[in-house]
Number of protein chains: 2
Amino acid sequence: MPYDPSAFPPFAVTVDLVVLTVRRHALCALAVRRGESPFQGRWALPGGFVRADEDLSQAAARELAEETGLRAHEPDAPAQEGGAHLEQLATYGDPKRDPRMRVVSVAHLALAPDLPAPRAGGDASNARWAPVEELLTQGGYGRDGESVAPLAFDHAQILSDGVERARSKIEYSSLATAFCPPEFTVGELRRVYEAVWGVALDPRNFHRKVTGTPGFLVPTGGTTTRQGGRPAQLFRAGGATLLNPPMLRPEV
Amino acid sequence: MPYDPSAFPPFAVTVDLVVLTVRRHALCALAVRRGESPFQGRWALPGGFVRADEDLSQAAARELAEETGLRAHEPDAPAQEGGAHLEQLATYGDPKRDPRMRVVSVAHLALAPDLPAPRAGGDASNARWAPVEELLTQGGYGRDGESVAPLAFDHAQILSDGVERARSKIEYSSLATAFCPPEFTVGELRRVYEAVWGVALDPRNFHRKVTGTPGFLVPTGGTTTRQGGRPAQLFRAGGATLLNPPMLRPEV
DNA sequence: GATCATAGTCGTCTGCCTGACGATAAACAC
DNA sequence: GTGTTTATCGTCAGGCAGACGACTATGATC
């Protein structure tokens, strides 16, 4: 393999982002509307070129900040206030994935708490949170009657991979707290699991599991009734990032 | 994000391979000696440029075949005869990871049964199977007195990530069978786990676990005494790719 | 203010799985 | 044959998860 600088084909390298959040009890992803050809007018994942002096994770963090205003955390740290979890997902490099030129995209996965509103360079109409189920359903119409064409490029595949990563990773890590505000209740955390997995969990067994795992949750002392009902204890994410034994995803 | 073809910096894209196998009860990786600067004479992971018309997985499979003669399997299929498991690992793109130019490397992980001998374009002296522990130990000397400089580039990091992926993935998948020949005994499979994890497992509990998991192992009817002792049943890998509940890695 | 609906929290019980480990079986080396 | 090695079956206790009962503390409704 001679390393002749004139002997390698040039590639464009981009980062694409799967930004997930939980809104109204549904797992949602950030989508932006393409302003130009190809796939003009279609929804796509946010992303952009990696700059010449930039690491891949830096580029992903920059794109995330541009699209959402969120700051990214280190991959292994538990979610802290106001930031999002960010990790590399996978790389997509089919020669035909972009009809114009050879583009290799390093997809990243970001998990964020529910945010007020998306922003795409200040233009709100070109960015939205959409339920992943809707984005992954080819054709048809969304809740608000908007036509739902398949995502541009291979972004449906990327989104699907990102969702699957999130679904499996909350089993054995404390990553689900990345979807929660800095302080949250056990019930709110349970609703995150329910939204991401699309199943109903037993509140009593879930409570026993998460409060019984050392280092997972630390009580802040406060309580809240923002979900109605009896006041619930508030917790922050503890230092533990790995859940052992894992939280079991119910069978289908 | 305007897609102006003149507005993106050009990258070189390579694939690097973490090829793992189990030899003499130790987890080993394939290393090749670099013939040119930088890092001339140092050991590195096999790899090479992605060609202009080639998918990433195709490039990885091609490099794997060139270095080992192994054919790659589909990522989700269980290991069949004579081939290796191949999956994408992660992508490394630090601007300074190659001192000459901007190179983004899409690392892949390959798991192979024990092979007769490595071949690097027919030149055996420039390729070897080395225990991963040895390759990841900076400085010092290997078993045969050979000096062990750290791997070239960021390949120590890549190898470390690949080993960790393999260690965790055999917990919840049938991937360990990729290290075995087409037909193998329970004891041989157990020795794979022991080598990859670096721990001793109870033969009786291991036997109960793997034979009790439906679809994991299917008996071929034959037996062998190639490990000495009482004849052992021969198995092939069953259709199940996921182990549920997982095989638990003992605490340290 | 009594009643109801909603959530949260604590327990109990049963079954499954794992780790620890005893016992037996079937080959080979001497 | 005796000893060694490896394979395989069984037993038992502890831990954890699923199913579910019971009680608590709020706000909403009449």
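For the numbers below, each heavy atom of this structure counts, side chains included, while hydrogens, waters and symmetry mates do not. By convention in this document, chain letters (A, B, ...) are assigned in the order of the sequence lines, proteins followed by strands, and residues within each chain are numbered from 1.
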When rounded to whole Å, the CG to P distance for the pair B/N205 and C/dG22 reads 13 Å

Assuming nearest nucleotide by heavy-atom distance, tell me which of B/G228 and B/P245 is located more 5' along DNA chain C. B/P245

Can you give me the closest heavy-atom contact between A/L45 and A/L159, atom names plus distance? CD1-N, 4.2 Å

Here the distance between atom P of C/dT24 and atom CZ of B/R204, to the nearest Å, is 14 Å

Kindly state which residues belonging to residues 206-227 of chain B come within less than 4.0 angstrom of DNA chain D, counting heavy atoms of the residue only, listed by number. B/H207, B/R208, B/Q227

Return each pair, listed once, that meets ring pair (Phe, Tyr, Trp, His ring centres under 6.0 Å) where at least one residue sits in residues 189-209 of chain B; pairs must be two or more places apart or across chains. B/Y193-B/W197, B/Y193-B/F206

What are the residues of residues 188-203 of chain B, sorted by number, that bring a heavy atom to within less than 4.0 Å of DNA chain C? B/D202

Taking all non-hydrogen atoms of both residues into account, name the closest pair between A/S174 and A/A240 and its distance. OG-O, 3.1 Å

To the nearest angstrom, how far is B/L248 atom CG from C/dC16 atom P? 18 Å

Run the side-chain contact (heavy atoms from CB on, under 4.5 Å) test on B/L136 and B/S160 for me, step by step, so that the C-alpha distance in whole Å, both residues' side-chain angles and the decisive distance to 0.1 Å come before the verdict. CA-CA 7 Å; B/L136 291 175; B/S160 172; 4.3 Å; yes

Residues in side-chain hydrogen bond (donor to acceptor under 3.5 Å, both in side chains) with A/D202, at least two apart? A/R204

The helix from C/dG1-D/dC30 to C/dC30-D/dG1: angle between end helix axes, five pairs per end, rounded to 10 degrees: 10°

Chain B footprint on DNA chain D, 5' to 3' - any atom under 4.0 Å from a heavy atom: D/dT5 to D/dT11

In this structure, how many angstroms lie between the P atom of C/dT24 and the CZ atom of B/R230, rounded? 13 Å

